[in-house]
Amino acid sequence: MMIALTCGFGVLLGGGMLMASRVIAALRLRAGSDKATVRTPLGEFRLEKAKDVGPGLPVYPAASLVLPGSEAAHVPLGDDRPQVIASTYHTNSSREFVVNWYLEHLSPEFARQDTGPKNLPPAFRDSRISDADIAFVGERGDQVRVVALALDDMGTRITLLRSYTKPSTPAPAQQSPSQ
C-alpha cells in the first residue's frame, strides 16, 4: 500500500513537471536583463518597468504612471498621419519644480514654450496639450518629442509624446503626351 502511494505521488509529480515544461516551452519565455517577452499564439507581450513605458523621454523621479481609462480606446490612424506614442504621469510636486527638473535633464534641442499659444507640429494637433501648459519641444530628423506639463488638482500632470513622420514618397514622374 505504501509503495503504491509513493509511486502514485511520483507519477503525479512527474506529470506536473512535464506539463510545466511544456507550458514554458509553448510560451517561449525569453528573459533579458530587466525585461521579458512572452510569445503566445495570440501575439507577443513585453513586460516593462513603469519608468520604461512610453516614448523614451526622461520621467520625473517622483511621478507615477497614469494608466489610460476605457475612453482611451485605440483608434486606427490613416496611413498619411504619423504615429504618436504617448504616456501620462502624475506627481504631487509643483509645476515649477518639475519644470526646473526637466530644464536640467532634457538635451539642448528642446525648446521651451510657456503658457500661451503653442507652436506644435501637426502630428500633435489631437493631443491634449492646452495653451495653459508648459511644453518642451524637441525635433531631430523625422522624430519630434514633446514634454507637456499641466497644472492638476493635486500637483502636475506630465505628458510625454513622441512622433515619427513617415518619409514622403516622391510623386511619380508624369509623362508628357506625345505629339
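By convention here, the first residue in the shown sequence is residue 1. As a basis for the values below, the full set of heavy atoms in this structure was taken, side chains included, without hydrogen atoms, waters or symmetry mates. Because the structure is predicted, anything quoted here is derived from the model rather than measured.
Side-chain contact between Arg145 and Glu109: present, with at least one pair of heavy atoms (C-beta onward) separated by less than 4.5 Å. Residues Trp101 and Ser93 have side chains not in contact (no heavy-atom distance under 4.5 Å, counting atoms from C-beta outward). With contacts defined as side-chain heavy-atom distances shorter than 4.5 Å, the pair Leu106/Pro58 qualifies. Within the 4.5 Å cutoff, the side chain of Ile158 has no heavy atoms near those of the Thr88 side chain.
Rounding to the nearest 0.5 angstrom, the gap separating the CD atom in Glu139 from the OG atom in Ser163 is 10.0 Å. Of the inter-residue distances, the one linking Asp152 atom CG with Ser94 atom OG reads 13.0 Å to the nearest 0.5 angstrom. To the nearest 0.5 Å, the span separating CD on Glu96 from CD1 on Ile134 amounts to 7.0 Å.
With Tyr60 contributing its side chain and Tyr89 its backbone, the two residues share no donor-acceptor pair below 3.5 Å. With hydrogens and angles ignored, the 3.5 Å screen pairs no side-chain donor or acceptor of Thr115 with any backbone N or O of Ala132. Checked by atom type and distance alone, the side chain of Asp133 pairs as donor or acceptor with a backbone atom of Ser130 at under 3.5 Å.
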*asked:* Set out, in order, the CA-CA distance, both residues' side-chain angles and the distance that settles side-chain contact (heavy atoms from CB on, under 4.5 Å) for Phe110 and Val137, then state yes or no.
replied: CA-CA 5 Å; Phe110 283 86; Val137 180; 5.8 Å; no
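Applying the side-chain contact (heavy atoms from CB on, under 4.5 Å) test between Leu149 and each of Thr159, Ile129, Val98 identifies Val98 as the sole match.
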